[in-house]
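Everything numeric here is computed off the predicted structure, so don't read it as measured data.
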Amino acid sequence: MAKNLLIVESPAKAKTINKYLGKDFQVLASYGHVRDLVPKEGAVDPARGFAMNYELIDKNVKHVEAIARAARAADAIYLATDLDREGEAISWHITEILKQRGLLDGKQVHRVVFSEITPRAIQEAVAHPRRLSHDLVDAQQARRALDYLVGFNLSPVLWRKVQRGLSAGRVQSPALRMIVEREEEIEAFRPREYWTVEAELAHPDGAFRAKLTRLAGKKFEQFDLTNARDAHAAREALLRAAQGRLVVAEIGSKERKRRPAPPFTTSTLQQEAARKLGFSTSRTMRIAQGLYEGVTLGAEGSVGLITYMRTDATALSGEAVAELRQLIARDFGPKALPEHPQVYKTKSKNAQEAHEAIRPTSALRTPASVAAFLNEEQRKLYELIWKRTVACQMQAATLNTVAVDFACGADNGFRATGTTVVDPGFLAVYEEGRDQKSEDDDEQRRLPRMAKGEAVPLAAIHADQHFTEPPPRYSEASLVKALEEYDIGRPSTYASIIQVLLNREYVTLDNRRFRPTDVGRAVSKFLSGHFTRYVDYDFTAKLEDELDAVSRGEEEWVPLLQRFWQPFKALVEEKIETVDRGEATGARELGVDPKSGKPVSVRLGRYGPYAQIGSKDDTDKPQYASLRAGQSMHTITLEEALELFKLPRVLGAAPDGENVSAGIGRFGPFVRQGDTYASLGAEDDPHTVTLERALELLRAKREAIANRVIKDFGNGVQVLNGRYGPYITDGEKNARIPKDREPASLSAEECVALLAAAPARPKRFARKGAAKPAGEDAAASRKAAKKAAPAKKAAAKKTATGKAPAKKAAAKKAPARRTAAARPAE
């Protein structure tokens, strides 16, 4: 048995490190966190100094047992989990477990950290261990306690006031607010018309365009021309003044330096991978984790290709800089190498957590040299990291910007700009991406050589109409950038924050931009209106600063929690009693139904947003209709809402004269002819589906039914074709067909015997208040149910019964237990 036990988080990392340390070390993985708070109330007890009740994570019990067995036989234990506060906490949990089992008596316990998985880094870390940092552990425990207290106390308020099954998070709620506020800005935006005027110049050495800068003796601004009449009048006047040419009035030239971007941090890597590679934040972190933990490079074996990927630092080690300068001089020439290394200061205040930027463990491993050993995703991300790191130590680019002013008659002027690259410097390797087009984009062109007083032929003058545009919705890159700017969360948690918002369906991705759902808007509005302080950007950022202070040993964690808990708990208790549910969900009155004279409103129900005619106080029961895909309760008009109540609608007559209709049933949208129902496809809409399409679906349904029955014995026992192959049924039980038998060869007696031996089907609890459409068979129902969105299910209940969904007793949901290797979402 090895004398020393070294514990890391992941098995991939364990495999890579194991070969570096020799036979005296056994390397085992914890598979992420080994303990978590018990998933029930009381896991954090404010009355007992915020005592935290932990338990082993089920999936990691076997890994903990393996660590315990190895620890019993080892002389020394090395805790080599990740070097952030999460990793520090995992090491602490492991020592607490081993201590409780009496396995640390007389043993040396060391904490080792490294930012890259290379032989040199591992051996140096083992040779220079340190003690566990209880400041980092306290900061992680404080963060976990805060997240628990917010989730377990705020989520039930959302269940009662907004919708069952919702949850609120300490950091994801401000992130959601950010997305919702941007959506509200877009909806409130009113476009403004303006016109631009450009001259198209036909220079012998190359055509180009120049923008109008002076009109009738005055400086031309964006909104000087706001209608077609004035724009075309200005264009005609300019044409008359130009007389077929523009004269060069001034030529200005300015040389400037453009410096390279710093090496990647977690945040900037996520942003750039989203811009250039189209990777989501979670995808980027998953790929980076694999590059960090090790990739097999042929005979060289498993090698960590990049340094630790959760970092706020932009610093590089002296050894890394020396290697980069060696590579730059070799591959790009001495001219590309600055006299002194480029130094980038780290913004993070946390000296304890500050380490290197994300970089290749060896710059000499070029992307081309390792490409054969990487999959396409790994290759792209490694190349991005390698190029950015090499570029950050290269010479600044030298650019020459030229601006040429043209006279158009005595009182008008145009300007053309262009940029020439004098010395590419770092641009020969890498250029940082941008989220939006900037004015510099118009300068990325070369102008022909011209002299003052030269007359340049005018090909045309263009007057073009434009409208101001609203701010763009957040992309993953721009959201990560905004979160970092507001100091909300930490870069290592951005991926999980975004994933939580998507998983809970608070937001959707539309053309790679975040759009809040009606549920997400209701949650954000409720929290912003009633828990304003706790979704305030400055408050969230200040709390992060306080947690950082704990990690630096400058503040105690229990007083921090006490300051947070007392006012928060009091506010939760107050809002449970005082907030009206209708107001909390964002219900809107749209107007009056012209037929009934009753009010029309939109509301948020158990299964999504819906429209309502009438109120619960009316003698007659209200009518309900679910909103269509793409409609929002925040923007729907009265006319659009009234259209929803036109279902079911008659599409026309089938060839046999029987009517065909479309509607929404319990299991989603359908078309019907007599007793035959067919579910609509995802691309179909019951409000617009045509008779021809309906007949096509109904014909396919009849064919499926005809082909479904293999054998019918007339006593309820049938042999049928199902989704997963042939089976036997009597309507109550199903039985499998023996593998050695043809379904059509079975007799009635054999089928009865197989059904008798088959296990009983588990009972399903039927929803109350909704009738299944007559004639709709079970298989079609299940198929339709899978296709139907929650909102469509709600509409089915409302349309079929005319009743609002019945309220279920509110039972508290415990948060799902985290899987072994997962990091917590803040």
Quiz prompt | Partners meeting ring-ring contact (aromatic ring centres under 6.0 Å, His included) with His530 (sequence neighbours left out) | solution = Phe526

Can you confirm whether more than 12 heavy atoms, excluding those of [X], are under 6.0 Å from its [atom1] atom?
X: Arg736; atom1: CZ; result: no
X: Lys15; atom1: NZ; result: no
X: Glu742; atom1: CD; result: no

So, the side chain of [X] versus the backbone of [Y]: is there a donor-acceptor pair under 3.5 Å, distance only?
X: Arg672; Y: Gly674; result: yes
X: Asn60; Y: Ser30; result: yes
X: Ser524; Y: Gly520; result: no
X: Arg649; Y: His687; result: yes
X: Glu476; Y: Thr281; result: yes
X: Arg473; Y: Pro516; result: no
X: Gln612; Y: Arg603; result: no
X: Lys711; Y: Ala744; result: yes
X: Asp684; Y: Gly681; result: yes
X: Ser155; Y: Ala168; result: yes

Side chains of [X] and [Y], heavy atoms from C-beta outward: is any pair under 4.5 Å?
X: His33; Y: Ile57; answer: yes
X: Leu277; Y: Leu381; answer: yes
X: Ile613; Y: Ser596; answer: yes
X: Leu642; Y: Pro594; answer: yes

Verify whether one side chain among [X] and [Y] offers a donor that lies under 3.5 Å from an acceptor in the other.
X: Ser10; Y: Glu293; answer: yes
X: Gln673; Y: Asp656; answer: yes
X: Ser496; Y: Gln499; answer: no
X: Thr517; Y: Glu505; answer: no

Practice problem: May I have the step-by-step check of salt bridge (charged side-chain N to carboxylate O under 4.0 Å, His left out) for Arg741 and Glu750, ending in yes or no? | Solution: CA-CA 11 Å; Arg741 293 297 303 275; Glu750 287 175 311; 2.6 Å; yes

To check you understand the geometry: which heavy-atom pair defines the closest contact between [X] and [Y], and what is its length?
X: Ala29; Y: Ile67; value: O-CD1, 4.1 Å
X: Lys575; Y: Lys161; value: O-CE, 3.7 Å
X: Lys40; Y: Tyr148; value: O-OH, 2.7 Å
X: Leu166; Y: Val162; value: CD1-CG1, 3.5 Å
X: Asp730; Y: Lys733; value: OD1-N, 2.8 Å
X: Asp518; Y: Pro609; value: OD2-CG, 3.3 Å

Quiz item: So Arg513 and Glu183, salt bridge (charged side-chain N to carboxylate O under 4.0 Å, His left out) or not? Walk me through it.
Solution: CA-CA 11 Å; Arg513 298 273 173 172; Glu183 193 70 20; over 6 Å; no

Practice problem: Would you check, one step at a time, whether the test salt bridge (charged side-chain N to carboxylate O under 4.0 Å, His left out) holds for Asp593 with Lys598? | Solution: CA-CA 5 Å; Asp593 174 26; Lys598 293 180 178 180; over 6 Å; no

Quiz item: Can the ring centres of Tyr474 and Phe514 be said to be less than 6.0 Å apart?
Solution: no

Exercise. Decide, yes or no, whether a salt bridge links Lys646 with Glu643 under the criterion of side-chain N to carboxylate O below 4.0 Å.
Key: yes

Between atom [atom1] of [X] and atom [atom2] of [Y], what is the distance when rounded to the nearest 0.5 Å?
X: Ser745; Y: Asp740; atom1: OG; atom2: CG; result: 9.0 Å
X: Ile710; Y: Leu746; atom1: CD1; atom2: CG; result: 9.0 Å
X: Tyr727; Y: Asn734; atom1: OH; atom2: CG; result: 5.5 Å
X: Thr508; Y: Ile179; atom1: OG1; atom2: CD1; result: 9.5 Å
X: Thr635; Y: Glu640; atom1: OG1; atom2: CD; result: 7.0 Å
X: Glu187; Y: Arg182; atom1: CD; atom2: CZ; result: 13.0 Å

Quiz item: In a check of side-chain contact (heavy atoms from CB on, under 4.5 Å) between Ser601 and each of Met633, Glu589, Arg588, which one passes?
Solution: Glu589

Practice problem: Please say which of Asn707, Thr729, Ile728 ends up in a side-chain contact (heavy atoms from CB on, under 4.5 Å) with Leu720. | Solution: Thr729

Practice problem: List for me each residue that meets side chain to side chain donor-acceptor pair (under 3.5 Å) alongside Glu377, sequence neighbours excluded, and say none if there are none. | Solution: Arg283

Quiz item: Can Val180 and Lys525 be said to form a side chain to side chain contact (heavy atoms under 4.5 Å, CB included), step by step?
Solution: CA-CA 9 Å; Val180 169; Lys525 181 181 178 182; over 6 Å; no

Practice problem: Could you please spell out the steps behind the salt bridge (charged side-chain N to carboxylate O under 4.0 Å, His left out) verdict for Glu376 and Arg379? | Solution: CA-CA 5 Å; Glu376 188 65 10; Arg379 183 193 64 76; 2.8 Å; yes

